[in-house]
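By convention in this document, chain letters (A, B, ...) are assigned in the order of the sequence lines, proteins followed by strands, and residues within each chain are numbered from 1. As the structure is a computational prediction, the values presented were derived from the model and not from experiment.
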There are 2 protein chains.
Amino acid sequence: MDKKRSDCPISCSLDILGDKWSLLIIRDVMLRGKMSYSEFLNSEERIATNILVSRLTILEGEKILVKDVSPENKSKYIYSLTQKGADLLPIIIELMDWGAKYNKNCPRKELGQRIKKDKAAVVRELSEVLKHKVK
Amino acid sequence: MDKKRSDCPISCSLDILGDKWSLLIIRDVMLRGKMSYSEFLNSEERIATNILVSRLTILEGEKILVKDVSPENKSKYIYSLTQKGADLLPIIIELMDWGAKYNKNCPRKELGQRIKKDKAAVVRELSEVLKHKVK
DNA sequence: TTTTAGTTGTTGCAAAATGCAAGTACAAAT
DNA sequence: ATTTGTACTTGCATTTTGCAACAACTAAAA
């Protein structure tokens with residue numbers, strides 16, 4: 001954690017999350033079941049390797065993600081959400097809702113449709129699911 | 001609007017909002033009644049003048065803000081939210097809630113307290129207020 | 001009229017972050 | 001022993017950001 005720009009909670013959040021990549025990694029873990037460096041690397045947005053390492057380090061340092069050796073493959077690491085990371089769910093959902101609303105090229109899929117109908121229910125259900133995976 | 005990284009709605013949102021400053025400007029307009037270049041410049045986070053101009057141009061280009069000559073002072077511009085900009089309210093509220101929850105130095109003030117108690121009500125009330133100001 | 005203050009920028013330059021390509025290290029599989 | 005998979009590191013060019021100074025315009029004051 002560097003020095004904060006101010007004590008405004010929005011500013012504090014943006015100090016950590018305010019870039020184009022961090023929340024995409026969170027999305028991958030939260031909604032797409034991705035857990036490893038190579039899975040993140042293969043996301044369609046094509047993050048560079050050095051940026052990915054840098055962001056994973058920061059997210060781990062902020063205790064948003066935790067890193068463990070994979071049980072199946074000892075030369076592999078898996079990243080999981082902490083409760084602090086899981087609590088980013090509403091932000092992710094709102095970004096998805098706004099993005100879908102104002103981009104024609106972003107057709108709403110299953111989750112998007114459900115968010116449009118009952119956002120609160122989606123957040124409730126997903127946070128329940130995440131609760132059982134949190135480290 | 002540059003080229004998008006993907007059609008994921010979260011990614012699309014971050015293409016526009018994914019930096020440390022844009023959402024702080026939105027915060028200033030949305031929650032602090034700020035409307036002008038000089039007011040944004042004087043926020044405690046101390047944005048640089050070239051960054052501010054750059055962000056205002058982008059936000060105007062994305063039709064999140066609109067720029068008009070001030071009625072009182074013809075050498076002054078005022079920036080207002082469009083409906084697209086006002087629809088960022090839930091994102092701002094969630095960033096505030098998460099930031100306040102995980103930062104000791106961010107004591108929740110009036111709005112923060114109300115968000116903690118009943119987030120949905122706050123969003124409903126504030127979006128009603130914003131609706132009447134939208135350009 | 002000249003000056004001063006207020007407002008919204010622009011410009012130049014250094015520092016930091018990002019993007020890209022290649023290389024490294026280590027474990028497991030063949 | 002070699003290859004494959006996984007997780008990085010490094011070097012370098014490009015882009016963005018941060019900082020400080022300067023500029024253009026308007027309105028009001030002296």
Looking at [options], which one has an atom nearest to any side-chain atom of [X]?
X	options	answer
B:Y37	C:dG9, D:dA7, D:dC8	C:dG9
B:S75	D:dT6, D:dA20, D:dA27	D:dA27
A:A48	D:dG18, D:dA7, C:dG19	C:dG19
A:S38	D:dT6, C:dT7, C:dA22	D:dT6
B:Y77	C:dG9, D:dC8, C:dT7	C:dG9
A:N73	C:dT7, D:dT6, D:dT9	D:dT6

Does this structure show an ion pair linking [X] with [Y], if we count only N-O contacts that are shorter than 4.0 Å?
X	Y	answer
A:K119	A:E94	yes
A:K20	A:E45	no
A:D87	B:K101	yes

Touch class at under 4.0 angstrom, heavy-atom based, for A:R46 against every strand present: nothing
Touch class at under 4.0 angstrom, heavy-atom based, for B:Y79 against every strand present: sugar-phosphate
Over 12 foreign heavy atoms within 6.0 Å of NZ, A:K135: no
Neighbour count >12 (heavy atoms, 6.0 Å) for atom OH, A:Y102: yes
Rounding to a whole Å, what distance do you find between [X]:[atom1] and [N]:[atom2]?
X	N	atom1	atom2	result
A:W21	D:dT16	CH2	C1'	15 Å
A:E39	D:dA7	CD	C1'	13 Å
A:E72	C:dA27	CD	P	18 Å
A:L24	C:dG19	CG	P	11 Å
A:I25	D:dA7	CD1	P	13 Å
A:K20	D:dT16	NZ	C1'	11 Å
B:K67	C:dT8	NZ	C1'	8 Å
A:I47	D:dA7	CD1	C1'	14 Å

Side-chain donor/acceptor contact of A:S54 with base of C:dT18 under 3.5 Å: no
Base of C:dG9 paired with side chain of B:N50 (donor-acceptor, under 3.5 Å): no
Most 5' of A:L41 and B:I51 on DNA chain D, judged by nearest nucleotide: A:L41
